Amino acid sequence: MVGKYFGGELPASAADGEAEQAIHEGLAKAVAEADRRIGEELDFQGGILAVFDFVKQVNGYITEQEPWKVAKDTSDEGKARLATILYTAAESLRAVAVLLNPVMPETSQKLWDSLGAADSLGALADQKIGEAGTWGRLPAGTTVTKGAVLFPRLEEKPTA
């Protein structure tokens, strides 16, 4: 959608509200929880699950915000809302790429590349986990590309 509606350049978040604040707080919580679980308790599964709880939160945010419907509103308010939703999604994915890099390096790198993050933030391998929760690191204007499907939908096999 960034490509279609913003010429491939990540728009600035222009209309943050309660939903975006919840995402910011969810990210901070996920980073703290993953750090505590992995760093203090050596509970790697618990740390990874904390990150995936954030992924579920972002998925819910996108479902609730319905950017595909917001995109139909061509008013200035509609464009600002769409920009905010897309920025929030991209910035969330930036953090997820950093947080999951130690356990899913290939997938995280593909995500990092499609976000165009290396140009402004440097190599994914150089990112610090503790800084992943700092909101707003991915600058507006970054060139975002449509990447490959990272998690293809699993099709259930019919039972005979």
Side-chain angles (χ1 to χ4, degrees), residues 1-32 34-35 48 50-154:
M1 291 186 81
V2 172
K4 183 174 182 176
Y5 296 104
F6 295 96
E9 288 190 6
L10 184 65
S13 182
D16 275 6
E18 289 180 23
E20 290 73 32
Q21 189 58 42
I23 294 293
H24 302 178
E25 292 168 5
L27 175 59
K29 178 183 173 188
V31 171
D35 188 44
I48 293 166
V51 176
F52 276 99
D53 283 345
F54 175 67
V55 170
K56 288 178 195 170
Q57 181 185 5
V58 173
N59 189 49
Y61 166 83
I62 292 170
T63 300
E64 290 171 10
Q65 299 304 312
E66 300 179 314
W68 50 91
K69 288 185 180 176
V70 174
K72 294 177 183 176
D73 179 356
T74 58
S75 70
D76 289 344
E77 294 83 12
K79 289 177 185 175
R81 187 74 205 128
L82 181 60
T84 297
I85 295 166
L86 296 180
Y87 182 85
T88 300
E91 176 62 0
S92 297
L93 292 173
R94 185 253 340 139
V96 168
V98 174
L99 293 169
L100 292 180
N101 188 44
V103 293
M104 300 177 75
E106 290 179 19
T107 301
S108 295
Q109 187 62 55
K110 289 176 186 174
L111 183 54
W112 194 254
D113 293 343
S114 69
L115 290 170
D119 290 341
S120 56
L121 300 175
L124 177 57
D126 295 338
Q127 305 304 305
K128 294 179 174 49
I129 298 288
E131 295 174 4
T134 302
W135 191 262
R137 298 202 63 215
L138 190 61
T142 299
T143 300
V144 176
T145 58
K146 185 176 181 177
V149 175
L150 299 178
F151 301 101
R153 184 180 303 262
L154 294 176

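The structure displayed is predicted, hence computed values, not measured ones.
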Seminar exercise, completed: Taking every heavy atom of F54 against every heavy atom of I23, the minimum-distance pair comes out as CE1-O, 3.5 Å

Exercise. Which distance, rounded to the nearest 0.5 Å, do you find between the CG of L115 and the OG1 of T143?
Worked result: 11.5 Å

Problem set entry | 4.5 Å side-chain heavy-atom contact, Y5 and K79 | no

Exercise. Taking all atoms of both residues into account, what is the closest heavy-atom pair of L27 and A132, and its distance?
Worked result: CD2-O, 3.7 Å

Problem set entry | For the student: nearest non-hydrogen atoms of R94 and E131, plus distance | NH1-O, 4.2 Å

Exercise. Are Q21 and E25 side-chain neighbours, meaning at least one heavy-atom pair lies under 4.5 Å?
Worked result: yes

Problem set entry | Non-hydrogen side-chain atoms of V70 and I85 separated by less than 4.5 Å | yes

Problem set entry | Considering all heavy atoms, the nearest L111-A97 contact | CD2-CB, 3.9 Å

Exercise. Do M1 and L82 touch side chain to side chain, with heavy atoms closer than 4.5 Å?
Worked result: yes

Seminar exercise, completed: Taken in chain and number order and not counting sequence neighbours, the residues that satisfy salt bridge (Lys or Arg N to Asp or Glu O under 4.0 Å) with K69 are E66

Exercise. Does some side-chain heavy atom of S114 sit less than 4.5 Å from a side-chain heavy atom of L93?
Worked result: no

Seminar exercise, completed: G116 and T142 have their tightest heavy-atom pair at O-CG2, 3.3 Å

For this session: Could you give me the CA-CA distance, side-chain angles and deciding distance for Q109 and D113, then say whether side-chain hydrogen bond (donor to acceptor under 3.5 Å, both in side chains) is met?
Result: CA-CA 6 Å; Q109 187 62 55; D113 293 343; 2.8 Å; yes

Seminar exercise, completed: So the ring-ring contact (aromatic ring centres under 6.0 Å, His included) pairs with at least one residue in residues 118-144 (sequence neighbours excluded) are H24-W135

For this session: List the atom of Y87, the atom of L138, and the distance in Å for their closest heavy-atom pair.
Result: OH-O, 2.6 Å

